[in-house]
Number of protein chains: 2
Amino acid sequence: MSRWQPNAKGRLEQAALNLYQERGYEQTTVTEIAERAGLTERTFFRYFADKREVLFGGQENLLKTAVSAIETAPDTATPIEIIIAALEAVVPMFQERQEIARQRQSVIAANPGLQEREMLKLATLVSAMTNALRRRAVTDPEASLVANTGAIVFKTAYARWVGEPDAPDLSILIRASFDQLKRIISG
Amino acid sequence: MSRWQPNAKGRLEQAALNLYQERGYEQTTVTEIAERAGLTERTFFRYFADKREVLFGGQENLLKTAVSAIETAPDTATPIEIIIAALEAVVPMFQERQEIARQRQSVIAANPGLQEREMLKLATLVSAMTNALRRRAVTDPEASLVANTGAIVFKTAYARWVGEPDAPDLSILIRASFDQLKRIISG
DNA sequence: AAGCATGATGTCAGTTGCTGACATGACCAA
DNA sequence: TTGGTCATGTCAGCAACTGACATCATGCTT
């Protein structure tokens with residue numbers, strides 16, 4: 001029999017999400033989270049840089065997937081097409097977890113500090129995609145404009161996907177947002 | 001002779017900006033800022049909600065100006081034209097203070113926590129502009145897409161304006177960014 | 001002129017987020 | 001068996017932030 005229960009990080013994430021929902025983010029102390037996970041505060045901070053970070057675990061995977069999609073897009077694709085491909089590459093990571101995504105989102109929506117963190121994560125993603133585009137010889141400021149455009153499209157689609165009870169497929173919403181943006185800007 | 005030195009808030013802002021530049025944001029304590037301004041830590045927190053907020057004073061003015069520009073745009077303007085007008089309405093608030101803008105930006109660039117706050121401010125602005133557009137009968141998600149597009153355009157222009165030694169006029173850069181975005185998306 | 005309300009600031013004590021230093025003890029490899 | 005490793009615990013401490021109450025110049029009221 002091993003000394004420690006397995007999956008400490010996952011237990012902390014679960015405990016945090018539950019407590020944030022039950023009492024609200026600010027009313028929850030890190031000590032409480034750790035206790036519910038059967039650990040100590042100090043251990044929480046070994047797994048997560050701060051109290052917010054516990055809600056943003058999947059970020060590195062997301063980033064890798066998006067960057068890798070940009071790197072492997074066909075040479076014939078335009079920058080915008082490359083970005084849309086990156087967004088669609090990332091869709092499956094959400095598709096399965098719609099319920100958890102909704103829980104997370106309602107917690108984040110209730111706290112500005114968490115919204116800050118979410119936007120920093122998004123900005124990190126945009127920055128990584130911008131760099132990936134530059135490596136494909138897309139020049140500045142086009143690379144940055146394209147990456148940011150991708151972020152808007154995704155944000156818009158994601159908001160609908162999380163917000164509507166019987167939302168269409170995420171990749172369909174992405175297409176729809178992009179088409180609408182095209183019409184708005186050219187029109 | 002009055003009991004207190006005038007302009008406590010301004011003194012705190014100045015002291016904070018200087019100290020963040022001299023020692024870095026994290027190495028500066030709120031007590032140090034207050035001392036340099038001839039006040040106490042407690043008074044700092046009466047003027048600013050937290051240690052970051054001291055760098056984001058002009059925000060409310062900015063927001064009011066942008067929203068008011070949206071409200072007073074001519075009825076013939078398209079949503080995109082309205083947003084561009086809002087961006088240009090805001091230009092004069094930066095134009096005079098390019099040097100301070102550069103100082104602020106270098107401090108913010110050195111600290112992720114400050115970047116978080118800046119993006120929250122930008123998101124607040126986008127949200128206010130979205131609502132202002134809705135009041136002009138622009139429907140969702142178009143209102144949100146347009147406001148976000150404005151934010152990208154401004155961010156791109158602002159980055160160049162702050163980053164290049166002899167940058168062109170900010171409103172020229174806004175036009176340039178918007179034109180380029182149009183080409184990218186339609187192309 | 002005396003008294004009184006106001007408002008900006010100070011003082012103090014307390015909670016919580018977060019960190020560094022060191023201790024513990026099951027597991028594993030030599 | 002021994003000794004190292006690694007996840008966790010323990011403890012002490014700093015800095016951000018808050019609530020409660022004190023101070024006292026200013027200016028209004030009577």
Side-chain angles (χ1 to χ4, degrees), chain A residues 1-57 107-108 110-118 120-121, chain B residues 1-57 107-108 110-118 120-121:
Chain A
M1 184 179 154
S2 72
R3 186 174 184 190
W4 317 109
Q5 295 297 108
N7 195 23
K9 188 170 182 178
R11 271 152 53 213
L12 286 167
E13 286 171 343
Q14 191 62 51
L17 181 58
N18 291 341
L19 282 166
Y20 291 170
Q21 282 183 288
E22 290 169 19
R23 311 190 190 170
Y25 169 78
E26 286 171 356
Q27 285 65 47
T28 305
T29 70
V30 174
T31 302
E32 287 169 342
I33 298 170
E35 272 169 7
R36 181 169 294 197
L39 296 164
T40 61
E41 188 198 23
R42 193 63 184 89
T43 298
F44 177 96
F45 286 111
R46 289 205 177 91
Y47 283 102
F48 304 102
D50 58 50
K51 193 185 164 189
R52 300 172 189 172
E53 199 64 17
V54 68
L55 286 178
F56 299 88
V107 169
I108 290 172
N111 187 277
L114 293 172
Q115 293 164 41
E116 281 189 347
R117 179 56 50 83
E118 190 175 42
L120 183 63
K121 293 296 182 182
Chain B
M1 187 182 153
S2 71
R3 187 174 184 190
W4 317 109
Q5 294 296 107
N7 196 23
K9 187 169 182 177
R11 273 152 51 214
L12 286 167
E13 286 171 343
Q14 191 62 52
L17 181 58
N18 291 342
L19 281 167
Y20 291 171
Q21 282 183 287
E22 291 169 18
R23 312 191 190 170
Y25 169 78
E26 285 171 357
Q27 286 64 48
T28 305
T29 71
V30 173
T31 303
E32 287 169 342
I33 297 170
E35 271 170 8
R36 179 169 294 197
L39 295 164
T40 62
E41 187 198 23
R42 193 62 184 88
T43 298
F44 178 96
F45 285 111
R46 289 206 177 90
Y47 284 102
F48 305 102
D50 59 50
K51 192 184 165 189
R52 300 173 190 174
E53 198 64 16
V54 67
L55 286 179
F56 299 88
V107 169
I108 291 172
N111 186 277
L114 293 172
Q115 293 164 41
E116 281 188 347
R117 180 56 49 83
E118 191 175 42
L120 183 63
K121 295 295 182 180

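Between B:Ala8 and A:Trp4, the residue anchored nearer the 5' end of DNA chain C, judged by the nucleotide with its closest heavy atom, is B:Ala8.
Taking both residues in full, the closest heavy atoms of A:Leu114 and A:Phe56 are given as O-CZ, 3.7 Å, listed atom of the first, atom of the second, then distance. Of all the heavy atoms in B:Arg23 and B:Arg36, the pair that sits closest is NH2-NH2, 4.5 Å. The minimum heavy-atom distance between B:Ala15 and B:Ile33, with the atom names listed, is CB-O, 3.8 Å.
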Using a 3.5 Å cut-off and no angle test, enumerate the donor-acceptor pairs between side-chain atoms of residues 38-48 of chain B and protein atoms at least two apart in sequence or in another chain.
unit_1, atom_1, unit_2, atom_2, d
B:Thr40, OG1, B:Thr43, OG1, 3.4

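Contacts with DNA chain D (heavy atom under 4.0 Å) in residues 23-39 of chain A: A:Gly38, A:Leu39, listed by number. For DNA chain C, the neighbouring residues in residues 44-55 of chain B, judged by any heavy atom under 4.0 Å, are B:Arg46, B:Tyr47.
Taking atom CD of A:Gln5 as the reference point, atom C1' of D:dG9 lies 16 Å away to the nearest angstrom. Computed from coordinates, the A:Glu41 CD to C:dT15 P distance equals 14 Å when rounded to whole Å. Atoms CZ (A:Arg42) and C1' (C:dG17) sit 12 Å apart, rounded to a whole Å.
With sequence neighbours excluded, the residues that form a side chain to side chain contact (heavy atoms under 4.5 Å, CB included) with A:Gln115 are A:Ile108, B:Leu120. For A:Gln14, the side-chain hydrogen bond (donor to acceptor under 3.5 Å, both in side chains) partners at least two apart in sequence or on another chain are A:Asn18. The side chain to side chain contact (heavy atoms under 4.5 Å, CB included) test applied to A:Glu35 returns A:Thr31, not counting sequence neighbours.
Side-chain atoms of A:Thr40 lie closest to D:dT10 of the nucleotides C:dG25, D:dG19, D:dT10.
In this structure, B:Arg11 contributes its side chain and B:Ala37 its backbone to a donor-acceptor pair below 3.5 Å.
Between the base of D:dG9 and the side chain of A:Arg3 there is no donor-acceptor pair shorter than 3.5 Å.
Close to D:dG9, at under 4.0 Å from its OP1 or OP2, lies a side-chain N or O of A:Thr43.
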